[in-house]
Every structure is written in structure tokens, then in C-alpha cells.
Amino acid sequence: MIRRLLPAALGLLALPAAAQECPHTGGPDNCSRVLACVGDDGLWFDGRAIGWGHGTVAGELSDGTLCTGEWAYQSAITSRTYISCDNGMEAVVIAVSQDPPTATSIGEGQTSDGRRITA
């Protein structure tokens, strides 16, 4: 798993400091960073989820493809995210909250072409 997360972590370190800002407000304008590995070929997603309980997600794949979607809690600790990308790829990710006060979650899902996602 560390091998899958390493490209995303290295990409995060390469971003300018301003791009890493994502204010955690605990309200409707709350922002949480989203990092995910897509498949086994080194493709990764870097973006942000906005909202509290439900909201939007937007970001970019490491190949430059833009992606947007929506997310919502399905229970007290699980959420479901639907995302679609400009290259036609779609994905669903189910996440389990690890620390609700900080919106920290770990998710797994699958793309429309069968690749696994770990977020």
C-alpha cells in the first residue's frame, strides 16, 4: 500500500505552498484534501472535497485530466463519492471516516474501466 501512495505523496510535496491550502471550517464551506492512487500504473488524483455531510469534489489526475463529482455521507461513518473525468473515466469510491472531527477518511473504489482506487 505504501508503494501505491508514494507517487501521490511525492506529488503533494512538489506543489507550491499556496496550492496545499485547504481550510478546515467544519461547515458547508469545509475543504478537505483528497489524494488517491488509480490502478497500478502510477496514475494518481489530487483534489479537494468541499462541504460538510455532502458536497462536491474536484481535482486533477497526474496526467493532467480534470475530474469533478459529488460526495455524500451514507451513514454516520461512510460516504460515497461519484466522480467523472474529462477523459471519460468515471469512478465510485466508498470511504470510511477515521476521524470525523477532521474529516479524515480512507476510501476504496473502482473506475469505469475496472481499475482500483485507494484514496
Side-chain angles (χ1 to χ4, degrees):
M1 178 155 169
I2 296 295
R3 190 175 82 222
R4 284 191 221 149
L5 294 177
L6 185 58
L10 292 174
L12 177 60
L13 293 174
L15 292 174
Q20 294 182 33
E21 294 177 18
C22 193
H24 178 71
T25 66
D29 61 343
N30 187 73
C31 178
S32 296
R33 288 300 301 269
V34 179
L35 297 173
C37 295
V38 181
D40 295 321
D41 297 326
L43 186 65
W44 47 272
F45 173 85
D46 181 14
R48 293 181 170 117
I50 305 294
W52 196 258
H54 62 89
T56 60
V57 63
E60 186 173 344
L61 295 173
S62 56
D63 66 5
T65 303
L66 299 178
C67 303
T68 59
E70 297 183 359
W71 68 273
Y73 270 95
Q74 306 294 300
S75 73
I77 62 167
T78 61
S79 64
R80 181 182 306 256
T81 300
Y82 296 96
I83 196 163
S84 61
C85 301
D86 287 349
N87 64 2
M89 183 185 80
E90 297 180 339
V92 176
V93 175
I94 304 296
V96 176
S97 180
Q98 305 298 305
D99 185 33
T102 63
T104 302
S105 299
I106 297 175
E108 293 199 8
Q110 190 169 1
T111 65
S112 53
D113 59 2
R115 290 179 285 176
R116 180 180 171 169
I117 297 176
T118 303

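Values in this document were obtained by computation on a predicted structure and should not be read as measured data. Throughout, numbering of the chain's residues begins at 1 and tracks the sequence.
Looking only at side-chain heavy atoms (C-beta outward), Arg116 and Glu108 come within less than 4.5 Å of each other. For the pair Thr81 and Val57, the minimum side-chain heavy-atom distance is below 4.5 Å. Within the 4.5 Å cutoff, side-chain heavy atoms of Leu61 are placed close to those of Cys67. Between Thr111 and Val38 there is a side-chain heavy-atom pair separated by less than 4.5 Å.
Expressed to the nearest 0.5 Å, how far CD1 of Ile117 lies from CZ of Phe45 amounts to 9.0 Å. Between the CD1 atom in Ile50 and the OG atom in Ser32 there is a gap of 8.0 Å [rounded to 0.5 Å]. Taken to the nearest 0.5 Å, the OG1 atom of Thr65 stands 7.5 Å off from the CG atom of Leu43. How far CZ of Arg115 is from CG of Asp113: 4.0 Å, rounded to the nearest 0.5 Å.
Closest approach of Ser105 and Tyr73 over heavy atoms only: OG-OH, 4.1 Å. Here the closest non-hydrogen pair linking Gly27 and Trp52 is O-CB, 3.2 Å. Of all heavy-atom pairs spanning Arg48 and Val34, the tightest one is C-CG2, 4.1 Å.
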Subject >> Check against side chain to side chain contact (heavy atoms under 4.5 Å, CB included), Val96 and Gln98 >> reply: CA-CA 6 Å; Val96 176; Gln98 305 298 305; 3.9 Å; yes

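Enclosure of atom CD in Glu70 is not indicated, since only 12 or fewer non-hydrogen atoms of other residues, nucleotides or ligands lie within 6.0 angstrom.
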With a cut-off of 3.5 Å and sequence neighbours excluded, list every side-chain donor-acceptor pair involving residues 85-93.
unit_1, atom_1, unit_2, atom_2, d
Asn87, OD1, Met89, N, 3.0

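In this structure, Asp46 pairs ionically with Arg33, as a charged nitrogen and a carboxylate oxygen lie closer than 4.0 Å.
Without hydrogens or angle criteria, Ser62 side chain to Trp44 main chain gives a donor-acceptor distance under 3.5 Å.
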